[in-house]
2 protein chains.
Amino acid sequence: MPDETASHTHNLSHTIRVARGLAPADLLVRGGTVVNVASGEVYPANVALAGGTVAGIGPDYTEGREVIDAAGRFVLPGLIDAHMHLESSLLTPAEFARAVVPHGTTSIVIDPHEIANVLGLAGIRYILQASREIPLNLFVMASSCVPATDMETAGAAFGEAEIRELLGWDRVIGLAEMMNVPAVLGGAEGALGMLAAARERGLPVDGHAPGLSGRDVVAYAAAGIRSDHECTTAAEGLEKLRLGMYLMIREGSAARNMEALLPVVTEGNHRRCLLVSDDTHPHDLVSRGHMDHALRKAVSLGLDPVRAVQMVTINAAEAFGRKDLGAVLPGYRADLVVVDDLAGFRVDTVVKDGRPVVQGGRLAVPVRGRPDPSVYKSIRTGAVTEASFRLPLAGGRARVIGLTADQLITEHRVAAVRTEDGCVVSDTEADILKLAVIERHNATGNIGLGLVQGLGLKRGAMASSVAHDSHNLIVVGVNDRDMAAAVRALTEMGGGFVIVVDGEVRASLALPVAGLMSEAPLEEVAAAGGRLRAVARELGVAPEAPFVTLSFLALPVIPELKLTDRGLVDVSRFTLVDLAA
Amino acid sequence: MPDETASHTHNLSHTIRVARGLAPADLLVRGGTVVNVASGEVYPANVALAGGTVAGIGPDYTEGREVIDAAGRFVLPGLIDAHMHLESSLLTPAEFARAVVPHGTTSIVIDPHEIANVLGLAGIRYILQASREIPLNLFVMASSCVPATDMETAGAAFGEAEIRELLGWDRVIGLAEMMNVPAVLGGAEGALGMLAAARERGLPVDGHAPGLSGRDVVAYAAAGIRSDHECTTAAEGLEKLRLGMYLMIREGSAARNMEALLPVVTEGNHRRCLLVSDDTHPHDLVSRGHMDHALRKAVSLGLDPVRAVQMVTINAAEAFGRKDLGAVLPGYRADLVVVDDLAGFRVDTVVKDGRPVVQGGRLAVPVRGRPDPSVYKSIRTGAVTEASFRLPLAGGRARVIGLTADQLITEHRVAAVRTEDGCVVSDTEADILKLAVIERHNATGNIGLGLVQGLGLKRGAMASSVAHDSHNLIVVGVNDRDMAAAVRALTEMGGGFVIVVDGEVRASLALPVAGLMSEAPLEEVAAAGGRLRAVARELGVAPEAPFVTLSFLALPVIPELKLTDRGLVDVSRFTLVDLAA
């Protein structure tokens, strides 16, 4: 696994001289108490850095050309988020780095499957390019499930050939979560080919197998899949750990499993346990932080602080075969964090590749994004007019997607619906609204039409270009005119979120990067998100995070009834169905 | 790290079918109690194998086309010796496998620096070729110190170019013990180039730094060296562990450090501790076994049996980045051992790549060596006659290599010596004997002559082609005629050990493979070794293992006075010195 960012920071001869005391450290972290993740100990020690490498540790190191005073504080390895999706933050790599590095995160392992569904290999190449100069190690797992199913149209489709290409790229360090469990268990050629490609290179494969148990999860592990971040109960966690899978304990925005899973962790198995975020939405990044939040919460729940630190540093590095990361030890990459204590984990200083990048809790270096127009203008639909939303129905009963509170699972309902001139219209009294998914990658003109109940919208329309996993446009509204206007506004913005009432845009957030990400800073993105939620609430919308709710209505791998650009999907039967019931 | 032996045993689709219960296991290990090295637990479970892979584990697996009854016994992963030199056993890879597989060893990580000093890259290629079809995974660390110094003539010299070539070979998984500590600490270009080569490929580097401490050992670790097997005290072990080096606790023939080092192991650091053998001589392989002996001894000294098993399985696999080895878990290579209990560790059954290769404690499959004449006839000296050993001396005092009981360290003595016609002759009364090292790789005619005290030989001569690390011929004798005859006999045998008295060979062991290894089975080699020791004792020889003692008299990296083909070496001053004192 060559790594372009590893070698150029490492000047071995200089490192050795600093270690031997023949030259002062380039940067000395003095007077702190170090968490030694290799020996499992905590003790006072100075840390001498040479270039981008830890050269020395111990009381002998007292001279540095630059000095950070860590007296009274604790020195940890830079924190690693071993499984996450950048796109959930709605931020570019640079803005994500600006957001999380002050929280102590210095490495992330991402599955870029959202942008891959839109832009294919070019999307992943963009992520790698855009992260070359940020103070955050960004590693990519090759997205294994693009698109998620064949009942939808995505902007790309990855087979074994694409995976083999990706695995040869710099900073691509494994195969991402194998969500297509049936394909693995069924021995489908494409899935096995991807697994073989990772195996041949000795690279890790992440899993995603909620609730899988018994012989099926044994088979999933036997296929070489070595982690799972979808466990929700202690019994499930223990079963997977015993099969040799790394237990990725998730504490994200949509899913929070730490309380349920921490009881699984023992002295005998902790080296196989990690803390990960999976998905963190902008307002949670603002209010909670990132991996520092995971540490705080784990320790507040009773986990030993050294074990907690190991779970977000050396354990993650080992899981991904990174021998240069995850420890404040000689020869390791000089990524480290100075925190006030091992309970609050308030970050004072972050050193990345030997440079102080956060001081006094604030970013101390410029982090420049690189606007990249090549990933703009990804919205390519057929012509969309009011007439596009005409929904003829013979008979008065139709299938309706039923929202359930705080869950991604929907209900497959059948209801009497309002019709005019033989066509269904939205019915705010029964809270049954028209929903459409519009293919937006290749301008095929595909539109899937359906109905959703439980959103609460009383006026206007809401539209989004974030719609898992194919990220077609999804729009819901009380009238066809506003639905068409919302799609038009979205297209002009290059994607994002929009609320339209009476033909006017009432709130919006542009996500011009592939229709998934903004180039604005976290604060702006979170503020726009707040405005969108407020306006939605004014318009009667019930769910707390309506655009998140909307974005999952197009994902046909979560039961029961979903809508894609090709139509209604009965997820239980894994097949397209008619609107008429 | 591609591995020719890993992929062909892995038929993923079949493995998945067995795991799901859709097909019977190819081999079922039934009724045993499994040591789960991932979860740190011990519990009853059947193990279902599919081809060369573990498919399933648990009570559900009850059907196998072949069944091993493990009732009342314990199932462990195949044992891994993470650091050893094959040549110490005097056996070829096939005979070594025949010797150790019945003791539960299924993987070894070797540094082939002995044969590399004789045959260079061709010697390592031979080891890899000769181990392709044996029931033992043989991994090679690229030998970093060939030759050990520039004060001797070896058959090869490795620089960065040779290391880079080796690191590209199949089954070469890292850079071997960096014995040249001064070169690392001094930032010598050659050493740094080798370290960079390993680092660029993300491969591990083993250390060898007896007694190194303080800033020097910090610098050694900072250079990227991640293990040490030379620790002799708990304080040294803890110091190196804290620097992130894997603590390889050695229990071999010449050096036994387990008692001293086990107290270092804690719940916080055990994942970074391994048990290794380094060097095991034939008679110890016969009388003690191999890694089963290490387990027995560790547990008898009070180490938790699960921790002990982890230290010779998963910990070793992790240290070398082998994600397919070291655990009886789904998707891992089906290398496992059935033992009677977790105290005696008597091996009943060994399964290698899914095949039972040991049953009832005995090898159950043929293991064929491949005689390879290309590595015979490695002894190429200049003309050697009685006159070659003439040792003129002006004055009556000379430097003498003084043997010390049970140690590899020699004393640098100065003594009055017996002369005849202006030349030194052996003096059995003072026990000062002539010693010669004869260059045998390129027939340069180089002969280094010196004197040794403390061997005790009263008649004849002893000669060996095993002489660390350059493996020139070393001969000691009470008269020049027998010394010349011993060298002649050795040359005719293609190398080995020989004792000659009055021109007659009294005992010998031919080591035709590079002059270092026999193609005979362990039992024959050990028996010949026993005869050589008995004859030596009859002739007055004091050291327990005289040929081992002899073999280290030519190694100029262990103090104080040594002899190479280029002359006497004062190791403290690291320079050649005259015989005359």
Side-chain angles (χ1 to χ4, degrees), chain A residues 1-3 6-7 10 12-13 15-21 36 38-41 50 53-58 60 184-185 187 192 195-196 199-202 204 214-216 218-219 221-226 238 241-244 266-269 271-272 306 318 321 323 327 329-332, chain B residues 1-3 6-7 10 12-13 15-21 36 38-41 50 53-58 60 184-185 187 192 195-196 199-202 204 214-216 218-219 221-226 238 241-244 266-269 271-272 306 318 321 323 327 329-332:
Chain A
M1 286 166 289
D3 183 347
S7 58
H10 194 78
L12 195 46
S13 149
T15 302
I16 290 170
R17 285 178 52 78
V18 171
R20 296 186 70 197
N36 186 325
S39 73
E41 300 169 303
T53 304
V54 178
I57 177 166
D60 294 344
V184 174
L185 298 186
L192 298 199
L195 291 167
R199 185 179 185 90
E200 284 162 25
R201 286 175 175 268
R215 288 188 186 186
D216 281 349
V218 173
I225 296 166
R226 289 286 173 82
L238 184 58
L241 253 180
R242 282 181 171 164
L243 294 173
T266 67
E267 284 295 280
N269 67 29
R271 69 206 260 188
R272 294 282 181 147
V306 175
E318 284 185 1
K323 294 194 171 288
L329 291 171
Y332 281 71
Chain B
M1 284 165 290
D3 182 346
S7 58
H10 194 77
L12 194 47
S13 150
T15 302
I16 291 170
R17 284 178 51 78
V18 171
R20 298 187 70 198
N36 185 326
S39 72
E41 300 169 303
T53 304
V54 178
I57 177 166
D60 293 344
V184 173
L185 298 187
L192 298 200
L195 291 167
R199 186 180 184 88
E200 285 163 24
R201 288 176 174 266
R215 289 188 184 185
D216 281 349
V218 173
I225 296 167
R226 289 286 173 82
L238 184 58
L241 253 180
R242 282 182 171 162
L243 294 173
T266 67
E267 283 296 280
N269 67 29
R271 69 206 262 189
R272 294 282 181 147
V306 175
E318 284 185 2
K323 294 193 172 288
L329 291 171
Y332 281 71

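Lettering follows sequence order; numbering is per chain, from 1.
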Inset, instruction - Pick whichever of A:S39, A:G187, A:G58 has the most heavy-atom pairs under 4.5 Å with chain B. - result: A:S39
Inset, instruction - For each of A:R271, A:E41, A:E267, A:E318, tally heavy-atom pairs with chain B at distances under 4.5 Å, and name the one with the top tally. - result: A:R271
Portion of [X] that has a non-hydrogen atom of chain A nearer than 4.5 angstrom:
X      : result
B:L241 : backbone
B:R272 : side chain
B:A327 : neither
B:R17  : neither
B:L185 : both

If you take all heavy atoms of [X] and [Y], which pair is closest and at what distance?
X      : Y      : answer
A:A219 : B:R20  : CB-CG, 3.4 Å
B:V218 : A:P330 : O-CB, 3.8 Å
B:D60  : A:R215 : O-NH2, 2.6 Å
B:A50  : B:V18  : CB-CG2, 3.7 Å
B:Y332 : B:K323 : CE2-O, 3.5 Å

Inset, instruction - Pick whichever of B:S13, B:G40, B:G21, B:G56 has the most heavy-atom pairs under 4.5 Å with chain A. - result: B:G21
Inset, instruction - Considering only heavy atoms and a distance below 4.5 Å, find which of B:A55, B:A196, B:G214 pairs most often with chain A. - result: B:A55
Legend entry - Proximal component of A:N36, with respect to chain B [non-hydrogen, under 4.5 Å]: side chain
Inset, instruction - Take B:L329 and B:V54, measure what side chain to side chain contact (heavy atoms under 4.5 Å, CB included) needs, and give me the verdict at the end. - result: CA-CA 6 Å; B:L329 291 171; B:V54 178; 5.8 Å; no
Legend entry - Distance in Å, A:L195 CG paired with A:I225 CD1, rounded so as to fall on 0.5 Å steps: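 Separation between the atoms: 5.0 Å.
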